[in-house]
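Single-structure report; data block below.
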Amino acid sequence: MQSKVKGIHHITAIAGDHQTNVNFYTRLLGLKMVKQTINFDDPQTYHLYYGDSAGNPGTILTFFPWGKNGFKGRRGNGQVTTISFSILSSSFDFWMNRLKEAKVNSLNEVIRFGSRVILFEDPDEIEIEIIADENEARPAWDSKFVPQEHSIRGFHSISLTEISLSDTEQLIVNSLGFTKTLTEDNRTRFTAGNGKPGKIIDIIEAPDSLYGRMGVGAVHHAAFRAEDENAQLNIRFQVINENIEATEVIDRKYFKSIYFREPGNVLFEVATDPPGFLVDEDENELGTSLQLPPWLEPKRNAIEAVLPEISVP
Ligand code: ZN
């Protein structure tokens with residue numbers, strides 16, 4: 001039987017200054033730092049994870065901060081160009097006012113597929129949205145900086161910008177199990193499972209726009225949820241069946257991962273839900289100290305010596 005992804009697992013982007021990134025996502029958006037670790041492929045760079053209180057899949061936004069002088073990226077074709085969070089409809093005014101007061105960049109409001117959408121940019125010019133979707137049903141959680149009832153519930157969706165829809169559509173439908181559901185202008189919506197927030201990909205067809213460039217302010221990849229290792233292997237097989245090269249399974253400590261580039265050039269990952277972020281810290285300790293995978297623990301002193309200090313509120 002075909003295995004399907006369960007929705008978005010995490011999204012990873014490149015940030016500039018470390019502390020600016022921490023302050024924006026914790027103090028302003030109210031997310032919790034759920035893991036401080038390093039880029040396992042580049043141990044001199046932090047890997048910071050934000051999410052809900054328990055670090056549930058579908059709430060996890062992660063960053064590789066390249067520092068104030070990091071190479072600047074550009075949003076464009078072949079990338080995830082917007083990260084969308086989800087809130088209750090009753091929280092729309094709260095968030096609009098909060099973002100206005102914070103004077104975030106490029107603040108705007110649109111109606112899309114019948115839902116109210118707040119658009120803005122983070123300090124590195126990553127396009128962020130907060131969408132009030134009446135189908136949002138994930139529980140509120142106790143954020144330090146935002147009243148519980150208004151907490152961001154997790155991702156709503158990702159938007160990809162592509163030269164053309166058809167090849168990407170074929171991959172995400174045939175090998176990931178998404179269904180094409182709605183179209184508005186040059187935006188086509190695909191949903192997994194029951195199609196609720198957290199299980200949505202929008203593809204924006206923009207044949208004339210420039211290709212994106214990886215760097216500060218660009219999204220590095222999007223990861224989708226596999227129920228377990230068995231489902232992940234099935235999905236890997238389905239991807240390869242579409243003539244796409246996929247990596248072997250890689251151990252990321254908090255999940256197992258495979259990576260591949262979809263035909264429009266966006267880097268996709270399929271990550272397992274288990275074991276999750278509570279594997280090395282309790283829920284109340286999440287994100288409070290630097291965690292290293294066992295194979296890098298012997299180098300802790302050298303690693304800590306080159307990482308800039310960050311203060312997590
Ligand atoms: Zn990832």
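Indexing begins at 1, ligand by ligand and atom by atom, following the structure's order. Since the model is a prediction, treat every value here as computed from it, not as a measurement.
- The aromatic ring centres of F85 and H156 sit 6.0 Å or more apart.
- A salt bridge is defined here as a Lys NZ or Arg NE, NH1 or NH2 lying under 4.0 Å from an Asp or Glu carboxylate O, and K35 with D280 meets this definition.
- Residues that satisfy the ring pair (Phe, Tyr, Trp, His ring centres under 6.0 Å) test with F40, not counting sequence neighbours, are W295.
- Counting only N and O atoms by type, the side chains of E229 and T272 include no donor and acceptor under 3.5 Å apart.
- Protein N/O/S atoms closer than 2.8 Å to the Zn ion (ligand 1), listed by chain and residue number, are H10 NE2, H221 NE2, E269 OE1.
- Cluster partners of I14 are F64, W66, F71, M214, V216, counting Ile, Leu, Val, Met, Phe, Trp and Tyr whose side-chain heavy atoms approach within less than 4.5 Å, directly or via other members.
- Not counting sequence neighbours, the partners of Y25 by the ring pair (Phe, Tyr, Trp, His ring centres under 6.0 Å) test are Y50, F63.
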